[in-house]
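What you see is a predicted model, and the numbers here were worked out from it, not measured in a lab.
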Amino acid sequence: MMRNIDMEEPSDSPHHEHQFVEYLEDVECLRRKIKFYFMNPCEKYHARGRKPWKLMLQIIKIAIITIQLVSFGLSNQMVVLFTEENLSTFKNLFLKDYDGDMDSYAVYRQADVYDHIDYILVQYGDLHSLTVGNQEYDKNYPMSVCQEFYKNSTISPGNETFDIDIHVINDCFNVYPMEHLTLRKALPHFKLHFKRMLSVKITFVLKAINLQTVRYREMPDCYDFTIIITFDNQVHSGRIKVDLESDVEINECRDLKVTGASARNIHPTVLFDCLVIITCIASFALCTRSVINGIQLQFEYTDYCKKHCGCQVPWSDRLEFLNGWYILIMVTDILNIIGSILKIEIQTKVLTNYDVCSIFLGTGTMFVWIGIIRYMGYFRKYNILILTMRAGFPNVIRFICCAGIIYMSYCFCGWIVLGPYHEKFRTLNMVSECLFSLINGDDMFATFLEMKQKSLLVWLFSRIYLYTFISLFIYMILNLFITIIADTYYTVKRQSGKPRSELQRFISLCKDLPNSGMYRCEENKGFFLNDCITRCRNHQDRLSSEA
């Protein structure tokens, strides 16, 4: 415990008495500095008359970052719509008898494999007369048909023997757009080695232009769709799964001409992104300065406790000087700076990866809006949420670690035992998602119902497994979790307004109000105690003379 030096009685010596008075002034000045550091922007304005530039900058940053995100989201929405609809178009154009379900789209006979490949080749050659869109061939990249198969193999399931060379051969040939060929016409001697075939991949590139952006006075983008159709036979089960995927590359169109409307230039958007970057840099610099000031003040308080009180400051009090909100703002600024740079590169067609940019801008904007809670915390009635989260966080983390061990044990057990008999337990990731859904009461009956009854032993095990998991997590673990939060809430509510640590008790002894004028004596100075003392004494003498 920190002993209260202020209550010690001075020595009879005038010199000692003078030293004691100076010591009290030093301590009071330190209290005043620490109290000022923990004030909110309004209190700091009354204390020193400084306008809350940091607060105003954060408000401006919230507004412009939200505008930037909305603008990027609307542009990204058009890109996603265009790419998804083109993917649907390619599936309907090039996949024979496609019914809209890729999971069940497969072939089972050798003749069907040849027919599906021939269908793709014919559709590719007749693209101009088939499509209702603006898809066009890329003359530099013809269609490539490649078969991957083992080098040599002799497989005889009837005799339960096989001889296989695991080296893979890749046999490819090209088909040019306007040849209108089938597989047999393109390469009469081409043969699919079904018993040792791994896959057949058909790859080609189509170009398209996204014209929907013209309505919003934005210059259209040119797209390169690299289409890959795969006949997957790696399982060798007699079922060859057919899949179509498309890689998109966005380029700036070479020759642009828009009649009837003036296309909007990208320069204002780029300048707005530069404004966001400059604002985030300024915010980062201000928060960094505040963090450094807090660390310096923490060292000053630690030295005081060590020299004059003979005690060590606990880490909980030291961390009070490290404002977590400033750290969050600094992380947010970094995310938004990186996201804005990526957005500028996307707009200038240097980069086409929307996903990475979306992650940075979306996460940064989320943290910006979460930071608003800090300003709600300046009001006592709204501050209870922040105090509860901060006080209960350590206990919640410990509880989650213990519950997570039990959760993972159920995941591994369900994956290895129920995986062969239940679709939701087929992979470890699916098991985790299924169990998390069960904790939240989602899809319980369907999980029980879909269990295959091929093995009575496994069926009985599945019932015990599911009943114990649901009972343990819903009736016990979730209720204990809620109890921890509720107990923390009532503890914080009872302690509201009372000093809870040595640091808070130390600050509470300072009775100077923000508008008392005592804090102005520390204006325009660093964290040097002697300067503080001199200014405080001069200010006190001036107040006494005026009185």
Side-chain angles (χ1 to χ4, degrees), residues 30 32-69 271-301 317-344 360-379 382-383 386 390 503 507 514-515 519-529 531-532 535:
L30 179 60
R32 194 178 297 115
K33 287 166 61 178
I34 298 176
K35 185 175 182 180
F36 177 80
Y37 176 78
F38 288 105
M39 287 181 181
N40 60 51
C42 295
E43 292 175 338
K44 289 183 177 180
Y45 174 74
H46 290 297
R48 290 188 178 177
R50 292 182 179 179
K51 293 181 175 61
W53 298 111
K54 194 187 306 178
L55 173 61
M56 291 187 288
L57 181 64
Q58 296 304 319
I59 295 174
I60 294 173
K61 190 179 73 173
I62 291 172
I64 62 177
I65 285 178
T66 304
I67 294 173
Q68 181 195 44
L69 183 74
L271 291 176
F272 185 81
D273 294 331
C274 293
L275 175 63
V276 173
I277 294 174
I278 294 173
T279 304
C280 291
I281 292 175
S283 172
F284 184 86
L286 292 175
C287 291
T288 302
R289 187 190 67 174
S290 298
V291 170
I292 294 174
N293 290 340
I295 294 174
Q296 291 177 345
L297 191 57
Q298 182 263 133
F299 285 131
E300 194 171 334
Y301 173 71
D317 286 355
R318 293 187 182 187
L319 293 177
E320 288 285 335
F321 290 93
L322 187 62
N323 195 321
W325 291 111
Y326 290 152
I327 303 298
L328 178 64
I329 293 173
M330 293 167 64
V331 173
T332 300
D333 292 332
I334 294 174
L335 292 175
N336 282 291
I337 290 172
I338 297 175
S340 299
I341 293 174
L342 295 176
K343 184 173 180 289
I344 292 174
F360 280 102
L361 289 182
T363 307
T365 306
M366 179 183 69
F367 286 158
V368 165
W369 279 90
I370 290 176
I372 298 177
I373 299 177
R374 175 198 176 198
Y375 305 109
M376 300 294 293
Y378 294 147
F379 305 96
Y382 295 95
N383 196 34
I386 301 174
R390 184 170 62 181
L503 174 62
I507 300 174
N515 56 359
Y519 298 92
R520 295 180 182 269
C521 65
E522 303 176 44
E523 195 172 5
N524 299 323
K525 70 169 188 64
F527 279 82
F528 297 101
L529 194 57
D531 293 341
C532 171
R535 287 183 172 85

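From M366, atom CE reaches atom CG of L69 across 11.5 Å, with rounding to the nearest 0.5 Å. Expressed to the nearest 0.5 Å, how far CD1 of I277 lies from CD1 of I338 amounts to 10.5 Å. Taking CD1 of I60 as the start and OG1 of T279 as the end, the distance is 7.5 Å to the nearest 0.5 Å. Distance CD1/I62 to CD1/I372: 4.0 Å, rounded to 0.5 Å. With rounding to the nearest 0.5 angstrom, the CG atom of L55 is 12.0 Å from the CG atom of L286. How far CH2 of W369 is from OG1 of T66: 5.0 Å, rounded to the nearest 0.5 Å.
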Residues N323, V291; criterion side chain to side chain contact (heavy atoms under 4.5 Å, CB included); working and verdict: CA-CA 7 Å; N323 195 321; V291 170; 5.8 Å; no
Working for side chain to side chain contact (heavy atoms under 4.5 Å, CB included), residues C274 and I344: CA-CA 9 Å; C274 293; I344 292 174; 4.1 Å; yes
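What you find for S340 and V276 is that their closest heavy atoms are OG-CG1, 3.6 Å. For the pair C287 and I329, the tightest heavy-atom approach, listed with the atom from each and the gap, is SG-CG2, 3.5 Å. Contact between S283 and D333 at its shortest, heavy atoms only, is OG-OD2, 3.0 Å.
T332 and K61 form no side-chain donor-acceptor contact under 3.5 Å, judged by distance and modelled atom types alone.
Under the 4.5 Å side-chain criterion, counting only non-hydrogen atoms from C-beta, I59 is not in contact with M56. The closest side-chain heavy-atom distance from I337 to F284 is not below 4.5 Å.
Here the rule is side-chain hydrogen bond (donor to acceptor under 3.5 Å, both in side chains) with Q68, and of T365, N336, D273 only D273 fits it.
Within 6.0 Å of atom OH in Y326, more than 12 heavy atoms from other residues, nucleotides or ligands are found, so the atom counts as buried in its surroundings.
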